[in-house]
Amino acid sequence: MPTPPALPKSRQQLILAVLLLSSLLIWLDNTILTTAFETLSDPVEGLGASPSQLQWATGSYTLVFATLMFTSGALGDRFGHRTVLATGMAVFAGASVWAAYAGDANQLIAARAAMGLGSALIMPAQMAVLMWAFSGPARATAIGISSTSAGVGIAAGPLLAGVLLGRFWWGSIFLVNIPIAVLSLIGIATLVPNFRSPTPRPLDPAGLLLSISGLAFLAYGLIHAGQAASWASVSVWGSIAAGVALLAAFTLVELRHRQPSFDPRLLAQRMFGLGNVALGLLMFAMTAASFYGAFYLQGARSFSPLEAGLAFSPTAIGAIVGAPLGVHLAHRWTLRSVTATALTTAGLAMGCNMFFGLHTPLAVNEIAYLIQGLSIGMVIGPVTGGLMSALPLERAGAGSAVLSTVRQSGSLLGIAVGGTVMSLAYRHAIDGSLGGYPDRVRAQAQISAEQARHAAATIHQPDLVSLADNAFIKAMHISAAGTMLVALCGALLLAIALRPGRQPVEPVPQDTPVKSAL
C-alpha cells in the first residue's frame, strides 16, 4: 500500500470532525429507535408493531449493514472512498424520510433496511478515509477519538428521542437525521479528498449473496421461533439450518478467493480472531439487553419516553467516560487486565436486571446502568484500537471489514435471539393466567405485554395489566441471565486473546507504550 499523502494538521482535524459527525449519525439512530420501541408497539400512538416486527425493524437494518460493509470497502477502492461516503450519507438521509412516514410496520422494516444500506456505505469508507488521512501515532489516536462517537450517540439518542416523542409523532425520531446528514455531506464535499487504492479489490458478488442470504435465513429462523407454535416447524429449524449452511459456504468461498472482501484468515489469528468474537458477544449482549430494557422502563414501569431517556443517561455517561479511562488505564497496567476485567464487570451489571422488579428504587437501577456503561466504554474503544493497531497498514482495510461485520452480526443475533427468548419466556409466564378471558383477548395478550395492556384498556380489565407486567418481569429475569452469561463468555475469550504472545497490542499510542499482557 502506498504512503498516504501528507495533509496539514488543520485539514486533518477538520476531516476527523466530519468523520465523527458521520459516525455519530449511525449510533444516534440506533439508540433513538430503541427508545421508541414502546411507542411503535402502541396500536394508537404508533404502528401496533408486534415483538417480531420490532426485532425486524432493528434486524433488517443490521442485516444489510453487516453483509454489505466489505463490498462497500471494495467499491471505495474502485470509485473513491469520498464518493462512497457521500453516497451512503445521501441514501441514509433519503431512507430516514421514508422511515418517518412509513404507513405500517412492514414499511418501516423496509425503510430500515435501506438505512442499513446507507450505513454499510458510510462505515468502511469512514474508516478508510481515516486510515489514509492520518499516519503513525496520529492514526491510532484518531481511531480512539472516533470510537468516542459511539458514547456520544448512546448518550444523546435516548434523551433526544424522549424530547421528540414527548412533543411530536414517532416519525420525528428519523427526521432528526436530516440536518446531521446535510452537514456531513457539506463537509465531505469540501474537505475530504477522494482517496482510492491504486490496486482496487475485485467485487465479490458470490460472497455478498451467500452472506446476506445466510444471515437472513438464520435471523428469520431465530425470530420466527418466538412466534411459532413449535420449534419442530420446518420454518424454524429449516431456516436456521439453511442459514448455517449458507454461511459455511460463504466462508469456503472467501477462503478460496485470492483477494476476499471478507478475509476469514484474519479470524484464525488468536488475538484478532478471539478479540473480534469477544466484541461480537459484547454487542450481542448489549443489543439483547437494550431490547428488554426499553420495555421495562416505558412499559412495565410506565415511564414516559423522556423519563426513560433520563433513566438510561447514566449508561451513556458511563460509556463516554469509560472510553478514555480505559485507554489511560491500559497505559498504566495492560490492555488485557483492564478490558477483560471491564467486560466481566459489564456482564455482572447486565445480570443485575435479574433482580429488578416493578418497584425497584430508581437509584438502584441507575447505579447498575452507570457501571454497565462505564465498563462497556472501557472495552469497545481500547480493544478496537488495539486490534486495528496490531494489523499492518496493508491489512487495515480487510481488518476493518472483518471487525465491523462481526460486531454488526453480533448485534443482529442479539436482537434475534434476545427478542425470541423474551417472547417465549413471556408467553410461558402468562399462559396459565389467561383462562378466564375471551379467546380474542387471550390471543392478543399472548403476543406481548404491550398488546395485553391495550386489550385490558379495551375491555376495562386492569387485572390483565398486572398479569402482563408480572409475566414481563419474569421473562426479563430469564433474558438478563442469558445476556450476563454471553458477556462473561466474551470476557473469557478476551482474556485468552490478549494473553502474552508474540505481538504487542497498543490501543491508542500516547507518550508511553501500552503493555500488552499482565
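Of all non-hydrogen atoms in I430 and A445, the two that sit nearest each other are CD1-O, 4.2 Å. The nearest pair of heavy atoms linking A95 to M115 is CB-CG, 3.4 Å.
Atom OG of S479 is separated from atom CE of M350 by 13.0 Å, given to the nearest 0.5 angstrom. Distance check, rounded to the nearest 0.5 Å: OG of S184 to CG of L25 gives 6.0 Å. Interatomic distance, CE of M271 versus CZ of R336, reported as 13.5 Å (0.5 Å rounding). In this structure, CG on D469 lies 5.5 Å from CG on L358, to the nearest 0.5 angstrom. Note that CG of L343 and CD1 of I376 are 8.5 Å apart. Values are rounded to the nearest 0.5 Å. F217 CZ to I240 CD1: the interatomic distance, rounded to the nearest 0.5 Å, is 12.5 Å.
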Validation: residues 276-302 side-chain donor-acceptor distances under 3.5 Å, sequence neighbours left out:
unit_1: N276; atom_1: ND2; unit_2: F272; atom_2: O; d: 2.7
unit_1: T287; atom_1: OG1; unit_2: M283; atom_2: O; d: 2.7
unit_1: S290; atom_1: OG; unit_2: M286; atom_2: O; d: 3.3
unit_1: S290; atom_1: OG; unit_2: T287; atom_2: O; d: 2.8
unit_1: Y292; atom_1: OH; unit_2: T483; atom_2: OG1; d: 3.4
unit_1: Y296; atom_1: OH; unit_2: R301; atom_2: NH1; d: 3.1
unit_1: Y296; atom_1: OH; unit_2: G357; atom_2: O; d: 2.7
unit_1: Q298; atom_1: NE2; unit_2: T35; atom_2: O; d: 2.6
unit_1: R301; atom_1: NH1; unit_2: T360; atom_2: O; d: 2.9
unit_1: R301; atom_1: NH1; unit_2: N365; atom_2: OD1; d: 2.9
unit_1: R301; atom_1: NH2; unit_2: T360; atom_2: O; d: 2.8

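In this structure, L494 and V383 have side chains that are in contact, with non-hydrogen atoms separated by less than 4.5 Å. R499 is listed as a side-chain neighbour of R270, based on a closest heavy-atom distance under 4.5 Å. A heavy-atom distance below 4.5 Å is not found between the side chains of V421 and Y426. The shortest distance between side-chain heavy atoms of H428 and K474 does not fall below 4.5 Å. Looking at heavy atoms from C-beta onward, I26 lies in side-chain contact with I122 at the 4.5 angstrom threshold.
Side-chain N or O atoms of E366 include none that pairs as donor or acceptor with a backbone N or O of A363 at under 3.5 Å. A donor-acceptor contact shorter than 3.5 Å is absent between the side chain of R112 and the backbone of T58. Of the possible polar contacts, none joining the Q372 side chain to the A368 backbone as a donor-acceptor pair under 3.5 Å is found.
S337 and T334 share a side-chain donor-acceptor pair at under 3.5 Å. Looking only at atom types and distance, the side chain of S172 has no donor-acceptor partner in the side chain of R167 under 3.5 Å away.
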Passes side-chain contact (heavy atoms from CB on, under 4.5 Å), L164 versus W169? Steps please. CA-CA 8 Å; L164 292 172; W169 100 112; over 6 Å; no
So Y61 and W56, ring-ring contact (aromatic ring centres under 6.0 Å, His included) or not? Walk me through it. CA-CA 8 Å; Y61 171 90; W56 275 115; over 10 Å; no
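Contacts classified as ring-ring contact (aromatic ring centres under 6.0 Å, His included) and involving residues 441-484 (residues at least two apart or in different chains) are not found. Screening residues 347-377 for ring-ring contact (aromatic ring centres under 6.0 Å, His included), with sequence neighbours left out, gives F312-Y369.
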